[in-house]
Visitor: 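Please read through the structure below; I'll follow up with questions.
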Amino acid sequence: MEGIQVRCDKLQGGVIQRSRLRVWFIRVCSSIVLWTCLVQLVTVSELWHSHFFLGISSRIYHTNQSPLEAQNELAQPPPPFLPARNYTSNGFLRVSCNGGLNQMRAAICDMVTVARLLNLTLVVPELDKKSFWADPSNFEDIFDVRHFIDSLQDEVRIVKRVPKRFSRKSGYSTLKMPPVSWSNEKYYLEQILPLFGKHKVVHFNKTDARLANNGLPLDLQKLRCRVNFQALKFTPQLENLGQKLIRILRENGPFLALHLRYEMDMLAFSGCTHGCSIEEAEELKQMRETPIYIAAGEIYGGEHRLAQLRAAFPRIVKKETLLVNDELQQFQNHSSQMAALDFMVSVASNTFVPTYYGNMAKLVEGHRRYSGFKKSILLDRKKLVELFDMHQNGTLPWNEFSNAVRQVHEKRMGQPTHRRVDVDKPKEEDYFYANPYECLCEGTKCDDLLGPLNSSQIR
């Protein structure tokens, strides 16, 4: 124990004079960062007792935003609605969003932008009910539909349904199609717009990643942000419960939100079975060969996967433990509505750590950048595996190991940066909704904020 204390003292250095609460919070956050990586990469039971967990220092990052500042952000009044835009509509655009909550959210932003570009009337989007997430929720069950329509009326006309005069009985046929992924302005103007001359109603039956990350006019990029950050408000029921969760957490000071993707679907399709029993490995193998739809959120293997972590950090909580059952009952069995609560808490947290860089992680990261570049630790899992192996086999001493972890993540904290662009490989570019830098600054200030010292090569 004395040796461990000496290491902690050395690593804390200049922060020794800070308040006990701040030091405690930083230690917890730092420890969870490494635990988060290890729980998916190595056998927890073998590594948990290693002495280096207790030596993680506050050098990885600092928590700068106070709870009061964050609460003031949430209390900002919405902007007033602008007068409706007067234009001749070229037709009606129906869209069926596919994926989970955050994938659908990004798609909705894209589809509003496409409707604006082509002077279309957008029908309130239909949400995924049949695929992986199996959630029966409609748009109005998750988002404030009236606010969505009214707040965008100066850009695009949005209606709840296609008028009856455009039904099949009236001689009109709806064209169903998925637009080409990662398409730019030219594709929609030259190949999609002419379709509305023959078909007054076009139905996009897939909407994920159908608009390019880069190369779009600035006004379209800003519209995507406006939809995301202003028009897509959760329903009052979800907003109220989400704010209650945030208030409960803030009563005890700063808190960290850990988006732990240790769920059956993630493990099955990643091929990861490390640390699983023979039976669990076989179950995951079978899932990879069989079409199974499962709601996200449950830790694969149950609560015993978190037992070691809870033993060290007994204040780990989740919405099911902070709220009474009656408060959550109306949202249960609706994975997207439950995900909305986690989304709000993650955006509001002092520090956000995702274990898997999926849609949830990316959209929360973008919201936190928009909220003043709040700290988001984006783990470099590939590099961390190398460092863990080197430390475990004795080739990388503790001091060098801890310094390497800090250096690897210095530019992975959600700070100002340009998106990485790869014209020939759009899937490998930085995702627009993770870093919508066009919406984060104005004019020449962008050059100062996003200068060469902040260039990004994060992968």
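Note that the structure is predicted; figures quoted are calculated from it, not measured.
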Visitor: Give the C-alpha distance, both sets of side-chain angles, the deciding distance and a yes or no for side-chain contact (heavy atoms from CB on, under 4.5 Å) between H147 and F81.
Guide: CA-CA 9 Å; H147 176 83; F81 297 143; 3.7 Å; yes

Visitor: Closest heavy-atom contact between L378 and R412?
Guide: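 Minimum heavy-atom separation between L378 and R412: O-NE, 2.6 Å.
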
Visitor: Apply the test side-chain contact (heavy atoms from CB on, under 4.5 Å) to residues V353 and L379: give CA-CA distance (whole Å), side-chain angles for both, the deciding distance (0.1 Å), then the verdict.
Guide: CA-CA 8 Å; V353 182; L379 303 175; 4.2 Å; yes

Visitor: State, with a plain yes or no, whether a side-chain heavy atom of P416 is found less than 4.5 Å away from one of L440.
Guide: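 P416 vs L440: side chains apart.
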
Visitor: Under 4.5 Å between any side-chain heavy atoms of R116 and T113, yes or no?
Guide: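 Of all side-chain heavy-atom pairs linking T113 with R116, none is under 4.5 Å.
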
Visitor: Any sub-3.5 Å donor-acceptor pair from D135's side-chain atoms to S335's backbone N or O?
Guide: yes

Visitor: For the backbone of M413 and the side chain of Q415, can you confirm whether one donor and one acceptor N or O come within less than 3.5 Å of each other?
Guide: yes

Visitor: Could you measure the distance from the CZ atom of F139 to the OG atom of S336? Nearest 0.5 Å is fine.
Guide: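 Atom-to-atom, F139:CZ and S336:OG are 12.5 Å apart.
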
Visitor: Could you state the interatomic distance from CG (L256) to NZ (K375), rounded to the nearest 0.5 Å?
Guide: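 L256 atom CG to K375 atom NZ measures 12.5 Å (nearest 0.5 Å).
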
Visitor: Between the side chains of R224 and Y433, does any donor sit under 3.5 Å from an acceptor?
Guide: yes

Visitor: Are more than 12 heavy atoms from other residues, nucleotides or ligands located less than 6.0 Å from atom CG of N240?
Guide: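 Buried by this count: over 12 neighbours within 6.0 Å.
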
Visitor: Set out, in order, the CA-CA distance, both residues' side-chain angles and the distance that settles salt bridge (Lys or Arg N to Asp or Glu O under 4.0 Å) for K160 and E140, then state yes or no.
Guide: CA-CA 10 Å; K160 291 186 177 181; E140 60 269 21; over 6 Å; no

Visitor: Using 0.5 Å steps for rounding, measure from the CD1 atom of I142 to the CG atom of L127.
Guide: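 If I round to the nearest 0.5 Å, the distance is 5.0 Å.
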
Visitor: How far apart are the closest heavy atoms of M390 and N393, and which atoms are they?
Guide: O-OD1, 2.7 Å

Visitor: How far apart are the C-alpha atoms of V95 and V114, what are their side-chain angles, what is the distance that settles it, and do they pass the side-chain contact (heavy atoms from CB on, under 4.5 Å) test?
Guide: CA-CA 11 Å; V95 296; V114 169; over 6 Å; no

Visitor: Do side-chain atoms of N350 reach the backbone of F255 as a donor and acceptor pair under 3.5 angstrom?
Guide: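 Checking the backbone N and O of F255 against the side chain of N350, a donor-acceptor pair under 3.5 Å is found.
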
Visitor: Disulfide bond (SG atoms under 2.5 Å apart), that's the test. Do C225 and C439 meet it? Break it down for me.
Guide: CA-CA 7 Å; C225 292; C439 312; 1.9 Å; yes

Visitor: Are any of the side-chain heavy atoms of M344 and L245 separated by less than 4.5 Å?
Guide: no

Visitor: Are the side chains of R226 and E155 in touch, meaning some heavy atoms are under 4.5 Å apart?
Guide: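 Touching, per the 4.5 Å side-chain cut-off.
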
Visitor: Do N214 and R419 pair up side chain to side chain, a donor and an acceptor below 3.5 Å, judged on atom types alone?
Guide: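 Short answer, yes.
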
Visitor: Salt bridge (Lys or Arg N to Asp or Glu O under 4.0 Å) between R94 and E126: does it pass, once the steps are laid out?
Guide: CA-CA 8 Å; R94 286 183 56 198; E126 302 165 14; 2.7 Å; yes

Visitor: K374 and V347: which non-hydrogen atoms are nearest, and at how many Å?
Guide: NZ-O, 2.7 Å

Visitor: Does the pair I248 and K244 meet the rule for a side-chain contact (heavy atoms from CB on, under 4.5 Å), with working shown?
Guide: CA-CA 6 Å; I248 293 172; K244 180 175 182 178; 4.1 Å; yes

Visitor: Could you check whether F148 and F143 have their ring centres less than 6.0 Å apart?
Guide: no

Visitor: Compare every heavy atom of L122 with every heavy atom of A115, then report the nearest pair and how far apart it is.
Guide: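 The pair with the smallest heavy-atom distance is CB-CB, 4.1 Å.
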
Visitor: Do N435 and T417 have side chains that approach each other closer than 4.5 Å (heavy atoms only, starting at C-beta)?
Guide: yes

Visitor: Minimum heavy-atom separation for D128 and M104, please, with both atom names.
Guide: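 The pair with the smallest heavy-atom distance is N-SD, 3.3 Å.
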
Visitor: Salt bridge check: are R247 and E251 linked by an N-O gap of less than 4.0 Å?
Guide: no

Visitor: Without hydrogens or angle criteria, can the side chains of R368 and S349 be said to hold a donor-acceptor pair below 3.5 Å?
Guide: yes

Visitor: Enter the distance from L101:CG to M338:CE here, rounded to the nearest 0.5 Å.
Guide: 12.5 Å

Visitor: For the pair E365 and R369, find out whether any cationic side-chain nitrogen is under 4.0 Å from an anionic carboxylate oxygen.
Guide: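 Here E365 pairs with R369 in a salt bridge, since their nearest N and O are under 4.0 Å apart.
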
Visitor: Can you check whether L211 reaches F432 side chain to side chain, under 4.5 Å on heavy atoms?
Guide: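 They are not in side-chain contact.
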
Visitor: So, does H391 use its side chain to make a donor-acceptor pair with the main chain of L396 at under 3.5 Å?
Guide: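 Here the side-chain-to-backbone pair exists.
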
Visitor: Could you tell me the separation between the CD atom of Q221 and the CG atom of N213, rounded to the nearest 0.5 Å?
Guide: 8.0 Å

Visitor: Below 4.5 Å, heavy atoms only, C-beta onward: do S96 and H203 meet side chain to side chain?
Guide: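 Sidechains of H203 and S96: in contact.
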
Visitor: With rounding to the nearest 0.5 angstrom, report the CG to CG distance, L384 to D389.
Guide: 11.0 Å

Visitor: When you measure from the side chain of K319 to the backbone N and O of D342, does any donor-acceptor pair fall under 3.5 Å?
Guide: no

Visitor: Has the side chain of N403 got a donor or acceptor atom that lies under 3.5 Å from a matching backbone atom of E400?
Guide: no

Visitor: Looking at Q153 and L82, would you say the former's side chain and the latter's main chain have a donor-acceptor pair under 3.5 Å?
Guide: yes

Visitor: Is N102 close to K362 at the side-chain level, that is, under 4.5 Å between some pair of heavy atoms?
Guide: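 No, too far: nothing below the 4.5 Å cut-off.
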
Visitor: So, for A434 and Y357, which heavy atoms are closest and what is the spacing to 0.1 Å?
Guide: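 Looking at all heavy atoms of both residues, the closest pair is CB-OH, 3.6 Å.
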
